[in-house]
Protein chains: 2
Amino acid sequence: MAVTIRDIAKEAGVSRGTVDRVLHKRKGVNEEVAKRVQAIADEMGFTPNLAGKVLARRKQPLRIGCLLPSIGNPFFDDVIAGFRQAERELSDFGVILDITQIKSFDLNAHLKEIKHLEAKHYDGVCVTTLDVQPVIDAIDRIAESGTTVVTVNTDIDSSHRLFYVGPDYYLEGKTASGLLQLCSKTQKRVLIVTGSFNMKGHQERIRGFIEGLQEHGADYVVIDTVESLDDDTIGYERTRACLEQHEDINCIYLTAAGVQGACQAVKDLGRQDSLRIFSFDDVPITRSLVKEGVITFTICQQPKRQGYDAIQKLFTHLMNQQDPIVDTITQTIIKIRENIEE
Amino acid sequence: MAVTIRDIAKEAGVSRGTVDRVLHKRKGVNEEVAKRVQAIADEMGFTPNLAGKVLARRKQPLRIGCLLPSIGNPFFDDVIAGFRQAERELSDFGVILDITQIKSFDLNAHLKEIKHLEAKHYDGVCVTTLDVQPVIDAIDRIAESGTTVVTVNTDIDSSHRLFYVGPDYYLEGKTASGLLQLCSKTQKRVLIVTGSFNMKGHQERIRGFIEGLQEHGADYVVIDTVESLDDDTIGYERTRACLEQHEDINCIYLTAAGVQGACQAVKDLGRQDSLRIFSFDDVPITRSLVKEGVITFTICQQPKRQGYDAIQKLFTHLMNQQDPIVDTITQTIIKIRENIEE
DNA sequence: GTGAAAGCGCTAACAT
DNA sequence: ATGTTAGCGCTTTCAC
């Protein structure tokens, strides 16, 4: 049977109240006594019982605020599903989630919502946001106010976020390069359609891809790299223009959204049989294009797990089951027609 | 704030004890009263609080017995890791796991250990065992004695197991066929090295593979299908014999263990560059062969998740948070050199 | 057949 | 500075 606060109290010859004070490093305890109690607790291998803790502080629910740039971006549906599952499982433990969704990557929108988060004084905060200085400053302010901050899906360069849960974008790119190498014998003539040159994740996917090809000693040439700005119309036009100009392109590497547009250009030009197309993530549009056989591989990052794990880990931390705090890098998942869901 | 037993009691004008009796369908309650209380509970949307339950029944820990044919089979290390993680997370809730490991697939060993499981009268039991009639009967006996039985990794054809957590072996095979199709242009001349014709999982992997090739309209021929009996020496000899006899084999499909032996034969004959090798699972030997570039793809099934989810779901059920009971089919994960761990 | 009370481990408010 | 107590939601025991 596990050690309880009672056991420690008896062993130390003090009351449970005192033990509680010591364990929470609250003051108002004689130093001698505190030391002795702590020593006994350590020695007996005390770990507080979660059920007991939860029940005791049930009137003050644990409030967690989330922020996602998810409006209009179906990728985040799965992250939210993960949030919701964690919330359901933790609802008996008094956890309440507030999810704020904003549209895309507008700096001011992010700053404004982060201000709101700060004002709400959450116990914990879980965000996907922009990795730029003003945002970092705003985040750090929240952290300093006593709220635990964690990042999901996209990390920010802040010493104050407790941990990150998300993919390794570089590895995703490298994995794409490995697959291309396996399924093509001839020279690879690649068109890269990226989302934005300003998005670190997109850039990392390109870097991993290129460096992977180089490590393989692959015979490749990048014909062009264009931005879709995550927009189908732009994706369509730029892809089409490139394909028309370069008859010999045999691979399209799509690092972000705009997939539907790019693939439509391929179809309109009747080139789908002479092209290997790589994309990222498993959203309705990529899924159906994979099933159609237009996209060969789509490389995924366990978005639901990201949401779920981020909240679970945050909860665990807030209940101070102090395990070592490490980032969680989700797996790089290769999906083809056969192993994509449904 | 969530509805509690107290709320119901007050609303119904009875004591908490009575409400508890009704909710547990224990007798000793006037039928009229029972009906009314139940109606009120339903109406108010009562769901019992996990923390409260756990704490109340803390003197009788929840005992779960596990059985795995894992001795000498590193695959199960991850399943066990999943068990252990779940056990750690649930230890505050009074969960205790007993893991029994046996060597391989000897019928009598399985029967003997299942007898032991029965004698222990666990609250729940989680097994990987043989899908044959004597075992099924033994399992059903446990289930009828009031213990909840679930299967992990390999299902059994028993109406009494509550749910199954594990892979879809057929889909794994199909995924392999899809990959082969993608990375080979010429006629596929395949050697199948399976574990045992008696193992349903291995057979399903073959069936999925073949049917997948057929659906693709692939140009293929299965040169031979041999058993390794999960043994490296046998795997070596039979693979070598086949390869020597058939110079034109260009693909080896390894459905089970014996991988090291088979690959050694390939190496000894200097054929690794002219062969695509597919294997299953991410164990030390497949992992190192993938990294070496000998195995191209290894197709995995989230073994750690299997162990973790099986215990978590079992726990949830035993605490009668009655969600709908469905099997959990783990994902089919493609690993290549780039995205395999480490 | 039903109510009342104790207790699981912990925290917080109150008392000394 | 320390001890005592009530109470979180639930189960169980005991009393009526």
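- Considering only side-chain N and O atoms, B:R57 lies nowhere under 4.0 angstrom from the phosphate OP1 or OP2 of C:dC8.
- Look at CG on B:D20: it is 15 Å from P on D:dG9, rounded to the nearest Å.
- The A:H24 side chain lies nearest to C:dT11 when the options are C:dA12, D:dC8, C:dT11.
- B:F93 comes within contact range of no nucleotide atom at all, as no heavy-atom separation falls under 4.0 Å.
- Atom CD1 of B:I5 and atom C1' of D:dC8 are 13 Å apart (whole Å).
- Within the structure, the salt bridge (charged side-chain N to carboxylate O under 4.0 Å, His left out) test picks out the following pairs touching residues 156-166 of chain B (sequence neighbours left out): B:D155-B:R161, B:R161-B:D327.
- One atom, CZ of B:R6, and another, P of C:dA4, lie 12 Å apart when rounded to the nearest Å.
- Neither side chain, A:T328 nor A:D309, offers a donor N or O lying under 3.5 Å from an acceptor on the other.
- Atom CD of A:Q60 and atom C1' of C:dT11 are 9 Å apart (whole Å).
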Using a 4.0 Å heavy-atom cut-off, write out nucleotides 1-7 of chain D from 5' to 3' as B (base contacted by protein), S (sugar-phosphate only) or - (no contact). SBBBB-B

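- Applying the 4.0 Å criterion to OP1 and OP2 of C:dG9, one finds that A:K53 has every side-chain N and O outside that range.
- Closest of all the heavy-atom pairs between B:F93 and B:V54 is CA-CG1, 3.5 Å.
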N/O donor-acceptor pairs under 3.5 Å from side chains in residues 112-119 of chain A, not counting sequence neighbours:
from	atom 1	to	atom 2	distance (Å)
A:E113	OE1	A:H116	ND1	3.2

